[in-house]
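Everything below concerns the one structure shown next.
Throughout, a chain's letter reflects where its sequence line sits, starting with A, and its residues are numbered from 1.
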There are 2 protein chains.
Amino acid sequence: MKVSKDEIILAARELFREKGYAGASMQDLADRVGLRKASLYMRFPNKEALVPEVLEMTLNTTFSQPGISSPDWKTAYEAVIRSIAAALTDRHRCVGFHLAYGIGDDTPLAKQAVRDFFRSHLDRMTDILARAMPRETATIIAADDLARLEGATLHLALFDDPTSMKRAVDLALGPVRSH
Amino acid sequence: MKVSKDEIILAARELFREKGYAGASMQDLADRVGLRKASLYMRFPNKEALVPEVLEMTLNTTFSQPGISSPDWKTAYEAVIRSIAAALTDRHRCVGFHLAYGIGDDTPLAKQAVRDFFRSHLDRMTDILARAMPRETATIIAADDLARLEGATLHLALFDDPTSMKRAVDLALGPVRSH
DNA sequence: CCTACCGATCGGTAGG
DNA sequence: CCTACCGATCGGTAGG
């Protein structure tokens, strides 16, 4: 077993991020990891099954950054925002968002995985904020902060412009700091 | 000539919005407008050529809404924001954003069209705001307001939740009103 | 993990 | 605006 499952998932993530679900081909994925296409089907039953794996890995990485498990909610929230923003700034696109837009009803398992991915983000962000404010308020702030970070990828993807993402981070953390 | 060019462009827009560039097929487009696939090539040289047309039509519609040409900048800006938000809320996705994410270097004309599309949005928004504030400030506010509107489509596309978009509108218009 | 292959569909064209 | 077709590529499988 020369190529690990994680290597394939990492390559699949790159591919989905760049080309979306429909634009990503199993042949391209095989080429990137140095396998024959048929060999991919030893580890994954089909293309759709890559989606949950890609998103789980991404979620785990995002929420494994230092500081996120801090008991201090301000520290934890800042770490989450910075972790998400760093990944998006680095890659210019969000895999999850690309899949959210690109996946249809013909791939229901993938669709559910995308929903779970963002639900998890929103829930974890809300949980942190809810330590310091009513849960209803926390839900709204989490949703809007995440939307703003995602929206800022427009300027990254199209114009290579990271300033909107930086302001999105500042705007998310400003109220937290002065709380 | 039973099927007009505009009908095809409208159908292509729906298709690109739903499935992205790679996921949209000329056969599907032909089926939607009731033509044979080959007949599409009478009006468009290839698939890529649909993209500029789709985006030009969308831009024109967005900026033809009443109020946008008002000499009062507050009226004009509110009309722009509401026009964009209404389209996104209605369709749950932004064609331009889907294409921004999905189009690669193999379709350079389409890529440029997407850039022009958003550049036009940003320029027109900035021009309106610059009537009342320094141009540098206007540029930043326009970029962030647009990013927020686009980001809010995440909640629309995934969870059918329009509240984030409503707040994006309120947040864009709040400072304008109290100016 | 490979070679070899399947039917289906892709964007696009020939020719009328 | 159509029928008929092109080569290329798609996701996936058989069989070893």
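For the pair A/Leu146/A/Ile84, a side-chain contact is recorded, criterion being any heavy-atom separation below 4.5 Å from C-beta on.
Of the possible polar contacts, none joining the A/Glu150 side chain to the A/Cys94 backbone as a donor-acceptor pair under 3.5 Å is found.
Taking each heavy atom of B/Arg167 and A/Ala143 in turn, the nearest pair found is NH2-CB, 4.0 Å.
In terms of the ring pair (Phe, Tyr, Trp, His ring centres under 6.0 Å) criterion, B/Tyr77 has no residue partners (sequence neighbours excluded).
Taking the charged nitrogens against the carboxylate oxygens, A/Asp31 and A/Arg36 have no contact shorter than 4.0 Å, which rules out a salt bridge. Salt-bridge annotation for A/Arg32 and A/Asp28: present, with a side-chain N of the basic residue lying under 4.0 Å from a carboxylate O of the acidic one.
Side-chain rings of A/Phe159 and B/Phe118 stay apart, their centers remaining 6.0 Å or farther from each other.
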- Note on the structure: Heavy-atom contacts, protein to nucleotides 9-16 of chain D, under 4.0 Å, summarised as B (base), S (sugar-phosphate only) or - (none) per nt, yield -SBBB---
- Please, what dot-bracket string fits DNA chain D when only Watson-Crick and G-U pairs with both distances under 3.5 Å count, crossing ones use [ ] and pairs to another strand use |? ||||||||||||||||
